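Note that the coordinates shown come from a computational prediction; the quantities given were computed from them, not determined experimentally.
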Amino acid sequence: MPDSPAGVKPNHAGMIYPPAVEFDRLAPQDRSRPVSQSGLEAPQGRATESTERRRWRRPRLAIPFAGLAGGFGLTHGELERPIREPNQRVDVKRRDAAFRRSLAVADLVATGLAALAVTMLAHRALEPVALLGLPLVVLSGKLVGSYDRDELIVNKATIDEAPRLFQLATLYTLLFSLLEGEFVSAPLGALALTLLWATMFVFALLARGAGRRIAQAVTPAERCLFVGTEGSGERLRSKLGALGGRAELVGRMSIPDGGDRSDVAEAAGVLHRVVQELRVHRVVIEPSEPQPQTTLDFVREAKSTGARVSLLPRILEVVGSSIEVDDVDGLTLLGVRQFGLSRSSAIVKRCFDVAGASVLLALLAPLLGALILLIRLDSRGSAIYRQTRIGRGGRPFTMLKLRTMVENADALKSQLRARNEALGLFKIADDPRLTRVGRMLRRFSVDELPQLVNVLRGEMSLVGPRPLVSDDDAQITGLDRRRLYLTPGMTGRWQILGSARVPLAEMIKLDYLYVTGWSLWSDVKILLRTVPYVLARRGM
């Protein structure tokens with residue numbers, strides 16, 4: 001925190017605005033007191049109409065909060081004011097309503113189309129009374145909380161709620177089968193009902209995805225205020241930026257140091273005003289380990305502003321999502337699962353790998369044959385490139401790929417190290433060693449397809465930690481080597497975040513969190529997300 005000029009009393013609550021973020025000027029009652037570029041209150045005077053319309057651009061500074069806020073003052077009575085239950089902000093309420101309504105309409109459309117498609121394929125007539133069953137889908141969705149989830153989260157990804165939609169599709173199919181005599185002119189049969197269940201599930205995913213995109217298009221980006229340390233704020237800002245404009249960080253506050261209750265109350269009062277000034281939709285709070293009571297006070301104050309509240313607990317960087325909430329007579333405990341997979345989970349994962357790799361190899365065999373022929377015609381050398389990678393438990397194995405570079409590519413690597421664009425790993429976006437066919441293979445990541453053979457051999461998995469060459473693996477030491485507890489994968493969290501852009505330290509953390517929170521559904525989600533990321537070339 002920089003020193004304050006004479007006459008300005010430093011405050012324990014500080015704020016940082018990210019670079020190049022514009023925000024509206026002060027509230028109407030403070031418009032005659034503009035804030036200078038230094039962040040301190042400017043000399044008082046009557047502002048002109050053009051000045052009132054001006055939008056200020058702030059440098060990224062840590063400054064006394066009272067100065068930034070235009071000299072807001074709090075009376076003694078405000079310091080001790082009770083925290084009232086919030087009246088939700090109008091703009092927040094409108095955002096939440098837009099998403100809820102779009103999801104409800106999406107469920108109605110998906111259900112109607114699924115029932116109509118299946119009955120037509122089965123050559124049955126859908127009775128008009130079947131329309132009365134559509135509202136039951138919305139009611140069921142409300143009961144399981146599928147319409148209230150979006151207001152609690154920032155990244156509103158449809159694929160994350162697939163298990164819940166699976167349950168809804170099952171419930172709807174059961175209801176349809178019980179009322180089959182009223183809904184259709186003749187019984188559908190087991191095959192048609194199974195098709196109805198599958199169609200309902202797929203249509204619900206597609207319709208909800210489209211509904212969310214429409215809601216995001218008609219609502220502004222979610223404006224977030226972060227309460228916590230500067231480092232965590234910068235990390236949150238970069239992660240929100242990766243969401244493609246769906247959310248943005250508009251400011252940061254710091255939790256007051258020390259245990260002075262007046263400082264906490266003053267900072268909490270400023271929080272209310274900042275939420276109003278910056279039109280904040282969501283307050284993200286990083287818990288303060290030395291001051292748990294202060295964190296609780298800030299959570300209560302943030303809720304009372306009418307904005308949505310999220311927490312950034314550092315413990316999840318260690319345990320991931322592998323926790324269960326345990327209520328012990330009103331005392332909440334978090335049960336942490338053991339690190340790694342149990343024997344039964346390992347068997348399930350291996351069966352999934354063998355089944356998936358076998359089906360994909362059978363389907364893609366003609367494509368692989370054509371690609372091998374193109375590689376041989378394009379340049380000299382073997383069409384299959386073999387490279388030693390470090391596998392589970394630190395054991396080396398030979399990984400198979402379609403050759404995308406010239407024959408002596410490894411010998412040329414030392415000459416190109418100065419052009420490396422990745423942190424910790426060796427990556428060049430426009431690698432001169434690539435062949436003409438190799439560039440095409442890299443563009444769509446089809447050079448990785450021979451690794452399906454590695455999966456069948458048990459050397460790799462469909463999803464898992466990233467397999468590294470020995471030089472890169474040697475940089476990972478100590479407890480970070482626990483990432484090798486699982487078999488390396490063809491894809492993983494690192495792939496869907498852009499494999500060529502994820503620094504080594506970040507990749508290690510992603511691999512560790514994957515191991516701690518493994519589930520079969522997490523593998524399915526990563527595989528489903530890999531396809532659009534590869535097609536969009538986000539990892540290049």
Side-chain angles (χ1 to χ4, degrees), residues 13 15-18 21 23-24 83-104 141-142 144-158 160-161 164 208 211-229 232-233 235-255 267-288 294-314 316 321 325 332:
M15 186 160 188
I16 288 179
Y17 288 96
V21 174
F23 62 99
D24 289 340
I83 300 177
R84 295 180 293 272
E85 288 299 316
N87 291 320
Q88 192 177 9
R89 292 166 49 82
V90 175
D91 51 349
V92 176
K93 185 182 297 184
R94 288 175 179 172
R95 277 185 54 84
D96 294 343
F99 281 94
R100 282 197 301 269
R101 291 166 184 168
S102 66
L103 294 180
K142 178 62 179 178
V144 299
S146 64
Y147 303 129
D148 301 323
R149 173 178 174 269
D150 281 19
E151 67 188 38
L152 303 177
I153 58 178
V154 177
N155 184 20
K156 300 171 176 56
T158 303
D160 289 336
E161 63 177 359
R164 190 171 293 174
R208 279 184 163 239
R212 283 193 171 95
R213 284 192 290 271
I214 294 174
Q216 289 164 358
V218 300
T219 56
E222 188 167 21
R223 299 171 63 84
C224 301
L225 172 69
F226 181 66
V227 180
T229 61
S232 297
R235 186 180 178 195
L236 176 63
R237 181 175 64 84
S238 65
K239 296 298 183 182
L240 293 180
L243 295 181
R246 286 175 283 176
E248 59 180 345
L249 185 64
V250 297
R252 180 182 72 84
M253 280 186 63
S254 58
I255 293 182
V270 173
L271 173 65
H272 283 256
R273 303 202 181 183
V274 172
V275 168
Q276 293 291 333
E277 293 295 325
L278 299 182
R279 306 188 306 279
V280 172
H281 300 132
R282 182 177 301 274
V283 179
V284 182
I285 299 176
E286 179 184 30
S288 174
T294 300
T295 300
L296 293 177
D297 291 343
F298 258 77
V299 171
R300 295 175 62 203
E301 288 287 353
K303 291 173 63 177
S304 69
T305 64
R308 294 298 178 188
V309 180
S310 296
L311 297 178
L312 181 65
R314 300 299 298 272
L316 295 185
S321 58
V325 179
T332 301

query = Can you list the steps and then say if Asn155 with Arg246 is a side chain to side chain contact (heavy atoms under 4.5 Å, CB included)?
reply = CA-CA 8 Å; Asn155 184 20; Arg246 286 175 283 176; 3.7 Å; yes

Requested in this report: Taking the side chain as every heavy atom from C-beta outward, state whether Thr219 and Arg94 have any pair of such atoms under 4.5 Å apart.
Outcome: no

Derivation of the side chain to side chain contact (heavy atoms under 4.5 Å, CB included) call for Ser304 and His272 = CA-CA 8 Å; Ser304 69; His272 283 256; 3.1 Å; yes

Rounded to the nearest 0.5 Å, the OG atom of Ser310 sits from the CG atom of Leu152 at a distance of 8.0 Å

When every non-hydrogen atom of His281 is compared with those of Pro220, the smallest separation belongs to CE1-CG, 4.3 Å

**OP:** Look at Arg100 together with Asp148 and state whether they make a salt bridge at an N to O cut-off of under 4.0 Å.
**Re:** no

For Leu278 and Val250 the tightest heavy-atom approach is CD1-O, 3.9 Å

### Message
Between Asp160 and Arg149, does the side chain to side chain contact (heavy atoms under 4.5 Å, CB included) criterion hold? Intermediate values first, please.
### Response
CA-CA 11 Å; Asp160 289 336; Arg149 173 178 174 269; 3.2 Å; yes

Just so I know, are the side chains of Cys224 and Arg237 near enough to count as touching, which here means a heavy-atom distance under 4.5 Å?
no

One should read off an interatomic distance between Leu243 CG and Gln216 CD, to the nearest 0.5 angstrom, of 9.0 Å

- Query: Would you say the side chain of Leu225 lies within less than 4.5 Å of the side chain of Leu271, judging by non-hydrogen atoms?
  - Reply: yes

Heavy-atom nearest pair, Val275 first then Ala307, reads CG1-CB, 4.4 Å

Next item on the list: Could you walk me through whether Glu286 and Thr229 pass side chain to side chain donor-acceptor pair (under 3.5 Å), step by step?
Entry: CA-CA 8 Å; Glu286 179 184 30; Thr229 61; 3.0 Å; yes

**Prompt:** Is Ser232 close to Arg235 at the side-chain level, that is, under 4.5 Å between some pair of heavy atoms?
**Reply:** no

Given the options Arg101, Lys156, Arg212, Asp150 meets salt bridge (charged side-chain N to carboxylate O under 4.0 Å, His left out) only with Arg212

So NZ of Lys303 and CZ of Arg308: to nearest 0.5 Å the spacing works out to 10.5 Å

So CD of Glu151 and CZ of Arg282: to nearest 0.5 Å the spacing works out to 8.5 Å

Is there a side-chain contact between Ser146 and Arg208 in this structure, where contact means two heavy atoms from C-beta onward sitting under 4.5 Å apart? yes

Of all heavy-atom pairs linking Gly145 and Arg164, the shortest is O-NH1, 3.3 Å

I want to check something: taking the side chain as every heavy atom from C-beta on, are Arg223 and Glu248 in contact at a cut-off of under 4.5 Å?
yes

In terms of heavy-atom contacts, Phe99 and Ser102 come closest through O-OG, 2.8 Å

Here the gap from Lys142 atom NZ to Leu103 atom CG, rounded to the nearest 0.5 Å, amounts to 11.5 Å

